[in-house]
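These notes are about the structure you will find just below.
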Amino acid sequence: MTTSALKRRSFLQGSLLAAAVIGSAPVAAAEAAKPKFDESFDVIVVGSGIAGTMAALSAADKGANVLMIEKMSRLGGTSRISGLNFACVGSPAQKAKGVKDTPEQLASDMYKVSGNMGDYEKALEMAKNTARAEAFMAQRGVKWDGRLLKLGGHSQPRVLVSEGDGAGLLNALWTYMKGLKNVTVRTHVKADEVLFNDKGVAVGVKVREKYFFDTPETDDNENKTGVEKRIEAKKGVIFATGGYARDKAFRSSEVPFLAGVATTTNPGATAGALKILVNAGAQPMHLSLFRFAYPLPTEDMIWGMMVDPATGRRFINEGLTRNALAQAVLLKRLQNGDKKPFIIYDEKSLGKFHNLNRVQRSLNGLNGIDGTMVKYDNLSELCKAFGADPKIVEDELVKYNAMILEGKDAQFDKPLERSGRKVEALDLKGPLFAMVINPRLNYTPGGIRTDLQGRAIALKDGKPIEGLYVVGEASGGLHGQERMTGCSMPECAVFGMIAGESAAQRKSI
């Protein structure tokens, strides 16, 4: 071969190699842009409370291969230790009792309680699907205890109570879930990041497996346990991670007086997941709102008389809404040297409670922080336990009883009827029952803004983020200034169900 021929051949080879390199560059770049995954599912559900469980079940029902992950050592989150009372329009219980109710009535009730800050359209969508969610759960083993309650704020009797409260309801659904071949459940798995493709579609989650939770105060920032893994979600990622009531630093940065308020929520209820979603471009909303709860149902405060131990005097309308009660109690504690007010009942008033199970738990010392109710033989014994002057307290009770018998609370205008039951005078002969009233921050209304399918809304343009869903307490905006009692469960159940269906029906990436 001649020297010129060799040069020509060398030139052609170089040219072809260059062309190959140039031609493959966009392909290589595109390949590099695609997330690399260790494992693949159709739908990934982050969180295992009622919202996550319903999302996983509904996605599986539509044929999706589902992974449900939970960062804690056991499933259920705060749902597991909640009552999960379920406001439902059109339930079999309503039909059996001839109750005429509509989704519009429930949505209107919720909006009134929300302080005009709730989302009526979303409340209506929830209300329209409560009967469908009830049927979905009942078909999968959930049982109700037979009661149909008209709780505070509701214009109709519509609230169902599950057998075994939250734990009983979830155990029924998990038992059904165990029989499904297309649902995988893993604990000790913490989500760290939402993964996107080059089109901005959520396509997976970066997680840490073999993760062990530490403490709410430090876990999100300091806990480095676990083995990193990237898991693909071909159809969608659903965050059902609950609220952030345990995150004292975060909640007090929004509302300073919440720093020292107690909570009995799941220890894992921190702001970590919320921050992940904000980093993913989702819009947070209503983070400065709050909702208090008590060991006893707020609706049942009305049957007793509340006392400031520092003065021995009644100081409040016991029939106020939960947030109004909480703010009055916390203000009183600021004024009286942080002495916790207490409430007095007799045996007859305890019998009026809508949830006698919670009464019994309190009497047995099983109702959490400041949740124990004590029986006293007489008023003197009771007042000694709470550090109050028995003569002053007795004087207050006599005045209180006189107003009740006259049919009007001239002091604080407490309504003297609720759910068809009348407030009655308290029997001072005893026995008497009392417990401190210490509001708990057990629900955070703030979270990620979503649409009616549960899709996260992007902060930058107000449009849904494809492939990313947020449901339950992790979402925000539905309830506004105050969530109506019995409406957390339907929010979680309905939008968990809708998000699961929506994600499963998306085209695979």
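Bear in mind that the values here come from a model prediction, so they are computed numbers and not experimental data. This chain uses plain numbering: 1 for the first residue, then up along the sequence.
- Within the 3.5 Å criterion, the main-chain N or O of F212 finds no donor-acceptor partner in the side chain of H188.
- With hydrogens and angles ignored, the 3.5 Å screen pairs a side-chain donor or acceptor of D219 with a backbone N or O of D214.
- For the residue pair T265 / N442, no side-chain donor-acceptor distance below 3.5 Å is found, with atom types taken as modelled.
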Working for side chain to side chain donor-acceptor pair (under 3.5 Å), residues R132 and N129:
CA-CA 5 Å; R132 189 164 73 89; N129 283 279; 3.1 Å; yes
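- Between D61 and R140, at least one side-chain N (NZ, or NE/NH1/NH2) sits under 4.0 Å from a carboxylate O, which counts as a salt bridge.
- Across all non-hydrogen atoms, the minimal contact from F239 to V237 is CE1-CG1, 3.7 Å.
- Aromatic pair F257/F290: centroids less than 6.0 angstrom apart.
- The distance from the OG atom of S508 to the NZ atom of K235 is 3.5 Å, given to the nearest 0.5 Å.
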CA sep, side-chain torsions, deciding dist, call: C487, H154, side chain to side chain contact (heavy atoms under 4.5 Å, CB included):
CA-CA 10 Å; C487 290; H154 291 269; 4.0 Å; yes
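- The only member of L151, V99, D109 that meets side chain to side chain contact (heavy atoms under 4.5 Å, CB included) when paired with R158 is D109.
- The structure places CD1 of I343 at 11.5 Å from CH2 of W303, a figure rounded to the nearest 0.5 Å.
- For the salt bridge (Lys or Arg N to Asp or Glu O under 4.0 Å) test with D192, the passing option among K71, R208, K206 is R208; the others fail.
- The side-chain heavy atoms of T485 and T298, taken from C-beta on, include no pair separated by under 4.5 Å.
- Salt bridge R186/E70: absent, no basic N to carboxylate O contact under 4.0 Å.
- Residues K122 and D451 fail the side-chain proximity criterion, which asks for heavy atoms closer than 4.5 Å.
- Rounding to the nearest 0.5 Å gives a distance of 8.0 Å between OG of S475 and CZ of F495.
- We find that K143 and E163 are not joined by a salt bridge, their nearest charged nitrogen and carboxylate oxygen being 4.0 Å or further apart.
- In summary, the side chains of W174 and N171 do not present any donor paired with an acceptor at a separation below 3.5 Å, with no hydrogens or angles considered.
- Cation-pi geometry between R455 and Y469 is not satisfied (NZ or CZ under 6.0 Å from the ring centre, within 45° of the ring normal).
- By the 4.5 Å heavy-atom criterion applied to side chains, Y443 and S488 are counted as neighbours.
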R251 vs L287, test: side chain to side chain contact (heavy atoms under 4.5 Å, CB included). Steps then yes/no.
CA-CA 8 Å; R251 75 193 194 194; L287 300 184; over 6 Å; no
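- Between D220 and K275, none of the side-chain N atoms (NZ, or NE/NH1/NH2) sits under 4.0 Å from a carboxylate O, so this pair counts as no salt bridge.
- Counting heavy atoms of neighbouring residues, nucleotides and ligands inside a 6.0 Å radius, atom NZ of K248 does not exceed 12 of them.
- Minimum interatomic distance between T187 and M72 (heavy atoms only, all atoms of both residues): CB-O, 3.4 Å.
- Here CD of Q283 is found 6.5 Å from CE of M285. Values are rounded to the nearest 0.5 Å.
- A donor-acceptor pair under 3.5 Å is absent between the side-chain atoms of D101 and the main chain of V89, judged by distance alone.
- Atom NZ of K128 and atom CG of L106 lie 12.0 Å apart (nearest 0.5 Å).
- Going from atom OG of S82 over to atom CD1 of I50 covers 10.5 Å, rounded to the nearest 0.5 Å.
- Side-chain polar atoms of E134 and S91 form no donor-acceptor pair below 3.5 angstrom.
- With hydrogens and angles left out, the side-chain atoms of T218 and T215 include a donor and acceptor closer than 3.5 Å.
- A salt bridge does not link E299 to R418: none of the charged nitrogens lies less than 4.0 Å from a carboxylate oxygen.
- Within a 6.0 Å radius of NZ in K234, no more than 12 heavy atoms belonging to other residues, nucleotides or ligands are found.
- Nearest heavy-atom pair across S40 and E232 is OG-OE1, 2.8 Å.
- Taking the centre of each ring, Y294 and F292 stay at or above the 6.0 Å mark.
- Between L57 and Y176 there is a side-chain heavy-atom pair separated by less than 4.5 Å.
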Check against side chain to side chain contact (heavy atoms under 4.5 Å, CB included), I69 and V45:
CA-CA 6 Å; I69 62 174; V45 178; over 6 Å; no
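- The existence of a salt bridge linking E318 and K414 is confirmed by a sub-4.0 Å separation between a basic side-chain nitrogen and an acidic carboxylate oxygen.
- Y111 and Y120 have perpendicular rings, their planes meeting at more than 60° on a 0 to 90° scale where under 30° would count as parallel.
- With 3.5 Å as the limit, one finds a donor-acceptor pair spanning the side chains of D165 and N357.
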Check the pair R291, E482 against salt bridge (Lys or Arg N to Asp or Glu O under 4.0 Å), reporting the backbone distance first and the verdict last.
CA-CA 6 Å; R291 183 186 191 267; E482 187 165 337; 5.9 Å; no
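- Residues S58 and E501 bring no donor and acceptor atom of their side chains to less than 3.5 Å of each other.
- R449 contributes no side-chain N or O that, together with a main-chain N or O of A458, makes up a donor-acceptor pair within less than 3.5 Å.
- You'll find the side chain of F353 reaches within 4.5 Å of the side chain of L296, heavy atoms only.
- Counting heavy atoms from C-beta outward, P415 and I302 have side chains that approach closer than 4.5 Å.
- E193 places none of its side-chain heavy atoms less than 4.5 Å from the side chain of N279.
- Both the sub-6.0 Å distance and the 45° axial angle are not jointly satisfied by R246 relative to the ring of Y244.
- Using a 4.0 Å cut-off between charged side-chain N and carboxylate O, E466 and R506 make a salt bridge.
- A donor-acceptor pair is defined here as one N or O able to donate and one able to accept, closer than 3.5 Å; no such pair exists between the side chain of T450 and the backbone of G454.
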Yes or no on side chain to side chain contact (heavy atoms under 4.5 Å, CB included) for F86 and V161, after CA distance, side-chain angles and deciding distance?
CA-CA 6 Å; F86 183 60; V161 181; over 6 Å; no
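- Ion pair E424/K352 flagged as a salt bridge, since at least one NZ, NE, NH1 or NH2 atom sits closer than 4.0 Å to an Asp/Glu carboxylate oxygen.
- With contacts defined as side-chain heavy-atom distances shorter than 4.5 Å, the pair V194/V205 does not qualify.
- Checked by atom type, the side-chain pair E473/T78 shows no donor-acceptor distance below 3.5 Å.
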